[in-house]
Amino acid sequence: METFPKIISVDDHTVEPPHVWRDRLPSKYHDIGPRIVRAPVKEMTFVGGKFAPTMGAAGDDGPIADWWVYEDLRRPLTRLDTAVGYSRDDVKLEGITYEQMRPGSFSVPERLADMDVNHVQSALCFPTFPRFCGQTFTEAKDRELGLLGVRAYNDWMVEEWCGPQAQGRLIPLTLIPLWDAELAAAEVRRNAARGVRAVCFSEIPPHLGLPSIHTDYWDPFLRACDETGTVVAMHIGSSSKMPSTSADAPPAVGSTITFANCCFSMVDWLMSGTFDRFPSLKVMYAEGQIGWIPYILERADVVWEENRGWGGVADKVLRPPSELFTEHVFGCFFDDAFGLRNLDAIGVGNVLYETDYPHSDSTWPKSKEVGASQMGHLAPDVVEQIVRGNAISLLGLTGEGLWGPSAGGARGRG
């Protein structure tokens with residue numbers, strides 16, 4: 001491939017700097033709100049899809065790490081959070097400090113420089129400490145503080161991470177208070193008013209103890225997204241439960257089947273009637289890859305056609321699921337040669353590219369080379385659409401692929 005379009009990555013990550021909540025929460029919360037503490041790692045395991053770290057006390061033996069401390073939560077920064085720049089053999093389950101990670105993980109100027117190295121023009125970034133849809137604040141005891149924490153993160157995301165020094169190259173992705181659909185709707189509208197066009201959500205809310213997408217609980221939130229043109233972005237693991245097969249399965253099992261939650265989630269949405277009620281709603285699956293999609297659409301159509309009489313969908317899913325997918329759903333990938341060979345069964349307009357910087361699966365700094373290799377059989381206009389065109393349309397970016405309040409605001413309908 002002689003030329004490869006500048007990438008718009010729809011799934012990268014930010015590691016929040018220590019000051020995010022310290023600078024934005026009222027002073028009375030400084031001792032209980034999210035804050036960084038440097039302490040030893042007493043124990044850390046990741047088995048059966050469950051991450052379990054134990055923080056040591058000052059003076060204890062063990063490697064030193066920077067820990068996020070919030071109410072009863074103790075969560076260390078880990079090498080898996082920010083693995084780029086390290087040999088694959090050196091990427092292990094271990095705690096680290098800010099000094100031990102690549103600065104582009106948490107600093108805007110260095111992030112832009114690393115994007116330049118990787119042929120990336122713009123990037124949408126998911127959170128780290130709040131987790132992929134803000135579960136950290138949902139699980140907290142103090143709801144007032146949790147709501148302030150969500151809003152503080154969103155303000156930092158819009159005003160600082162995606163602020164003037166980002167030059168329009170970082171695209172804001174915000175959180176909602178998942179415990180209250182009306183508050184969630186208000187937060188969507190607050191951020192849409194300043195040009196935000198993507199919000200995090202859980203792939204399978206019941207895993208978080210929340211109502212499913214088959215209820216009407218989420219309608220205020222979904223209506224706000226539908227009316228403002230805000231994309232519902234679901235990252236693998238945003239249900240706090242990664243796929244696994246047993247309590248003693250090694251991480252490699254779950255890593256191989258990470259797409260499974262996206263698969264289950266997409267069927268939920270397609271069979272829920274949501275897209276009939278909210279005709280402008282768009283959802284995307286970050287880091288889910290795309291190769292599995294054709295069979296799921298084929299099977300969903302068969303079930304809708306043959307089994308809808310007893311399947312509980314006849315009165316609410318009014319069109320074949322594959323048609324709903326085409327109009328409402330986007331799959332995101334960074335390394336999926338099989339999916340790219342089967343684009344005709346997915347839809348060129350339903351595919352987005354990503355780099356997953358700075359995670360251990362990231363294709364940085366060779367995302368261009370990986371993409372060029374896997375897309376070499378495709379026409380240039382198709383590559384352009386996958387690598388940047390679909391993202392520009394979906395996220396309301398400028399024609400140059402940049403974000404700004406005026407650019408994002410163009411998509412909103414109220």
Exercise: identify the closest heavy-atom pair between [X] and [Y]:
{"X": "Pro279", "Y": "Asp226", "value": "N-OD1, 3.7 Å"}
{"X": "Trp304", "Y": "Val317", "value": "NE1-O, 2.8 Å"}
{"X": "Ala345", "Y": "Pro294", "value": "CB-CB, 3.8 Å"}
{"X": "Ala391", "Y": "Leu352", "value": "N-CD2, 3.6 Å"}
{"X": "Pro177", "Y": "Leu183", "value": "CG-CB, 3.7 Å"}

Side chain to side chain, [X] and [Y], heavy atoms closer than 4.5 Å:
{"X": "Val199", "Y": "Val231", "result": "no"}
{"X": "Val20", "Y": "Pro34", "result": "no"}
{"X": "Leu173", "Y": "Phe126", "result": "yes"}
{"X": "Asp142", "Y": "Tyr29", "result": "yes"}
{"X": "Leu210", "Y": "Trp218", "result": "yes"}
{"X": "Thr228", "Y": "Val188", "result": "yes"}
{"X": "Ser212", "Y": "Thr215", "result": "yes"}
{"X": "Leu80", "Y": "Leu93", "result": "yes"}

Flag for [Y]-[X]: side-chain donor and acceptor within less than 3.5 Å:
{"X": "Arg131", "Y": "Ser238", "result": "no"}
{"X": "Asp81", "Y": "Thr128", "result": "no"}
{"X": "Gln374", "Y": "Asp336", "result": "no"}
{"X": "His19", "Y": "Glu160", "result": "yes"}
{"X": "Arg388", "Y": "Gln121", "result": "yes"}
{"X": "Asp268", "Y": "Ser265", "result": "no"}

Verify, without hydrogens or angle tests, whether [X] (side chain) and [Y] (backbone) share a donor-acceptor contact under 3.5 angstrom.
{"X": "His235", "Y": "Cys133", "result": "no"}
{"X": "Ser122", "Y": "Gly401", "result": "yes"}
{"X": "Arg22", "Y": "Ile36", "result": "no"}
{"X": "His119", "Y": "Phe4", "result": "yes"}
{"X": "Ser393", "Y": "Gly389", "result": "no"}
{"X": "Trp269", "Y": "Thr274", "result": "no"}
{"X": "Asp11", "Y": "Ala286", "result": "no"}
{"X": "Glu187", "Y": "Arg151", "result": "no"}
{"X": "Asp301", "Y": "Ser322", "result": "yes"}
{"X": "Asn261", "Y": "Lys241", "result": "yes"}

Salt bridge check, [Y] against [X]: does any charged N sit closer than 4.0 Å to a carboxylate O?
{"X": "Asp219", "Y": "Arg277", "result": "yes"}
{"X": "Arg319", "Y": "Glu327", "result": "yes"}
{"X": "Asp61", "Y": "Lys42", "result": "no"}
{"X": "Glu227", "Y": "Arg189", "result": "yes"}

[atom1]/[X] to [atom2]/[Y] distance, rounded to the nearest 0.5 angstrom?
{"X": "Leu340", "Y": "Ile386", "atom1": "CG", "atom2": "CD1", "value": "6.0 Å"}
{"X": "Leu208", "Y": "Glu203", "atom1": "CG", "atom2": "CD", "value": "8.5 Å"}
{"X": "Cys262", "Y": "Ile290", "atom1": "SG", "atom2": "CD1", "value": "12.0 Å"}
{"X": "Met55", "Y": "Asp60", "atom1": "CE", "atom2": "CG", "value": "10.0 Å"}
{"X": "Ser9", "Y": "Asn118", "atom1": "OG", "atom2": "CG", "value": "8.5 Å"}
{"X": "Tyr285", "Y": "Trp292", "atom1": "OH", "atom2": "CH2", "value": "7.0 Å"}

Verdict with reasoning, Val351 to Phe330, per side chain to side chain contact (heavy atoms under 4.5 Å, CB included): CA-CA 6 Å; Val351 174; Phe330 295 80; over 6 Å; no

Flag if over 12 foreign heavy atoms under 6.0 Å of NZ, Lys316: yes

Asp90 atom CG: more than 12 heavy-atom contacts under 6.0 Å: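 Enclosed: over 12 neighbouring heavy atoms sit under 6.0 Å from CG of Asp90.
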
Mutual orientation of the aromatic rings belonging to Tyr353 and Phe333 [parallel < 30°, tilted 30-60°, perpendicular > 60°]: tilted

Parallel, tilted or perpendicular: rings of Phe46 and Phe51 (30°, 60°): perpendicular

Residues Ser239, Gln135; criterion side chain to side chain contact (heavy atoms under 4.5 Å, CB included); working and verdict: CA-CA 8 Å; Ser239 58; Gln135 303 101 297; over 6 Å; no

Derivation and outcome, side chain to side chain contact (heavy atoms under 4.5 Å, CB included), residues Lys366 and Thr363: CA-CA 6 Å; Lys366 298 184 179 298; Thr363 51; 5.7 Å; no

Ring pair (Phe, Tyr, Trp, His ring centres under 6.0 Å): pairs with one or both residues in residues 71-97, sequence neighbours excluded: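 Of all non-adjacent pairs touching residues 71-97, none passes ring pair (Phe, Tyr, Trp, His ring centres under 6.0 Å).
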
Side chain to side chain contact (heavy atoms under 4.5 Å, CB included) evaluation trace for Val387 with Val383: CA-CA 6 Å; Val387 173; Val383 176; 3.9 Å; yes

Run the ring-centre check on [X] versus [Y] and record whether the distance is less than 6.0 Å.
{"X": "Phe221", "Y": "Phe201", "answer": "yes"}
{"X": "Phe132", "Y": "His13", "answer": "yes"}
{"X": "Tyr70", "Y": "Phe137", "answer": "yes"}

Test side chain to side chain donor-acceptor pair (under 3.5 Å) applied to Thr355 and Asp12, step by step: CA-CA 6 Å; Thr355 79; Asp12 286 359; 2.7 Å; yes

Pairs satisfying side-chain hydrogen bond (donor to acceptor under 3.5 Å, both in side chains), at least one member in residues 98-112, at least two apart: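 Qualifying pairs, neighbours excluded: Arg38-Glu99, Thr82-Ser105, Thr97-Glu99, Thr97-Gln100, Arg102-Asp114, Ser107-Glu110.
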
Option among Phe106, Tyr153, Trp68, Trp156 that satisfies the ring-ring contact (aromatic ring centres under 6.0 Å, His included) test with Phe129: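 Of all the options given, the one that passes is Trp68.
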
Contacts of Asp155 that satisfy side chain to side chain contact (heavy atoms under 4.5 Å, CB included) - sequence neighbours left out: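 With neighbours one apart ignored, the set is Arg24, Glu159, Arg190, Arg194.
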
